[in-house]
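Atoms considered below: every heavy atom in the structure, side chains included; atoms not considered: hydrogens, waters and symmetry mates.
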Amino acid sequence: MHIRGDHAELVVGGRLDVRSAADARTVLHSAVDDGVGDLVLDLTALDSWDATGLGVIMGAHRRAGRCGRRLVLRGVPPQMQRLLVATRLHRILAIEGGIAAESLPRV
């Protein structure tokens with residue numbers, strides 16, 4: 001996993017999982033604490049995430065809210081969009097452009 005950027009926009013790539021969670025948490029919390037306004041996480045280069053990685057994202061979301069900021073996800077890959085829909089987190093997290101219609105459950 002790699003994260004690059006600053007306190008306004010971070011690009012997350014590779015795998016966000018149990019092995020990379022601690023490092024990711026440190027970088028995200030630093031970016032939240034050191035900036036103002038929206039913090040954009042560009043996930044275009046993210047290959048996968050597991051429950052721990054999703055927990056890191058949710059922790060950063062909560063921390064941003066406590067700091068008067070908003071965490072915004074950009075470029076969420078389709079398989080991860082489906083996970084956000086299945087867990088209903090797409091209703092809580094700010095997702096740039098929303099969730100693609102094909103990720104929504106069929107009725």
Checklist entry - Among pairs that include at least one residue of residues 30-47, which meet salt bridge (Lys or Arg N to Asp or Glu O under 4.0 Å), considering only residues two or more places apart or in two chains? => result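 Applying salt bridge (Lys or Arg N to Asp or Glu O under 4.0 Å) to every pair that reaches into residues 30-47, excluding sequence neighbours, yields Asp33-Arg63, Asp38-Arg70.
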Checklist entry - Passes side-chain contact (heavy atoms from CB on, under 4.5 Å), Trp49 versus Ile57? Steps please. => result CA-CA 10 Å; Trp49 62 17; Ile57 298 284; 4.1 Å; yes
Heavy atoms only: give me the nearest [X]-[Y] pair and the separation to one decimal.
| X | Y | value |
| --- | --- | --- |
| Val32 | Ala64 | CG1-CA, 3.6 Å |
| Asp50 | Val18 | OD2-N, 3.2 Å |
| Ala21 | Thr52 | CB-CG2, 3.5 Å |

Item to check | Between CG on residue Leu84 and CG on residue Leu93, distance to nearest 0.5 Å | outcome: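 Result: 6.0 Å between the selected atoms.
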Checklist entry - In Å, rounded to the nearest 0.5 Å, how long is the span from CD of Gln81 to CD of Gln79? => result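 Rounded to the nearest 0.5 Å, the CD-CD separation comes out at 9.0 Å.
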Next on the checklist: One pair to check against side-chain contact (heavy atoms from CB on, under 4.5 Å): Leu43 and Met80. What are the steps and the verdict?
Outcome noted: CA-CA 10 Å; Leu43 305 179; Met80 290 171 221; 5.6 Å; no
Next on the checklist: Applying side chain to side chain contact (heavy atoms under 4.5 Å, CB included), can you list everything that pairs with Leu10, at least two apart in sequence or on another chain?
Outcome noted: Ile3, Val27, Leu28, Ala31, Leu39, Leu41
Checklist outcome for this item: Hits for side chain to side chain contact (heavy atoms under 4.5 Å, CB included) against Ile92, two or more places apart or cross-chain, chain-then-number order -> Met58, His61, Leu89
Checklist entry - In the single-linkage hydrophobic clustering (I, L, V, M, F, W, Y; side-chain heavy atoms under 4.5 Å), do Leu46 and Val40 co-cluster? => result no
